[in-house]
Amino acid sequence: MSNGFNSQIGQQDYLSLLTVQLRYQDPLDPVDQETMLSQLSQFSMLEGVETLNTKFESMLQMEQVSQAAGMIGKKVAFFDNVSGEVTEGIVNQISLVDGELKLAVGENLITMNQVSSILYEA
């Protein structure tokens, strides 16, 4: 962990904590079964939420790729970060660069967020 308290723990961290708790429990006063079931239920829920998050992220990325692919061949207006002006050009390619979707517009490689409008099909 980094500086400070991290309020999010992963599956492995949770399972490790549960294992340590079981290993060092007092044999004369074992962990209550209801407490154990509650903790296992929480672990199962955490696992389900993480699986859903992964699937949602994948679906979102597929949706973004689909939207970007639909822009190929279209003339767009976009905010040019270098010149600070709105520029126009035709989207000729899409790609993933460092995990981020980029549109090739002429000599520019832009993000979807930079597109201000789709003008027409070229």
Next on the checklist: Show, in sequence, the C-alpha distance, side-chain angles and deciding distance for V115 and L103, and conclude whether the side-chain contact (heavy atoms from CB on, under 4.5 Å) test is met.
Outcome noted: CA-CA 9 Å; V115 175; L103 306 172; 3.7 Å; yes

Please list, one pair per line, the donor and acceptor atoms closer than 3.5 Å that link side chains of residues 52-67 to other protein atoms, with sequence neighbours excluded.
residue: T54; atom: OG1; partner: E50; partner atom: O; Å: 3.0
residue: E63; atom: OE2; partner: Q67; partner atom: NE2; Å: 3.3

Item to check | Inter- and intrachain pairs under salt bridge (charged side-chain N to carboxylate O under 4.0 Å, His left out), touching residues 102-114, at least two apart | outcome: E100-K102

Checklist entry - If you measure from OG1 on T51 to CD on E47, what distance do you get to the nearest 0.5 Å? => result 5.5 Å

Checklist outcome for this item: By side chain to side chain contact (heavy atoms under 4.5 Å, CB included), L119 pairs with (sequence neighbours left out) K75, A77, E88, S117

Next on the checklist: Connecting only ILVMFWY residues whose side-chain heavy atoms lie within less than 4.5 Å of each other, what is the rest of V97's hydrophobic cluster?
Outcome noted: L109

Item to check | side-chain contact (heavy atoms from CB on, under 4.5 Å) assessment of T111 paired with L101 | outcome: CA-CA 6 Å; T111 65; L101 188 62; over 6 Å; no

Next on the checklist: Under a 3.5 Å distance rule, please check whether S38 uses its side chain to pair with a backbone N or O of E34 as donor and acceptor.
Outcome noted: no

Item to check | Transitive ILVMFWY side-chain link V76 to F79, under 4.5 Å | outcome: no

Next on the checklist: Holding to side chain to side chain contact (heavy atoms under 4.5 Å, CB included), I want the full list of residues that pass it with D80, two or more places apart in sequence or in another chain.
Outcome noted: F78, V82, S83, T87, N108

Checklist entry - V105 and I90: same hydrophobic cluster, using ILVMFWY side-chain contacts below 4.5 Å? => result no

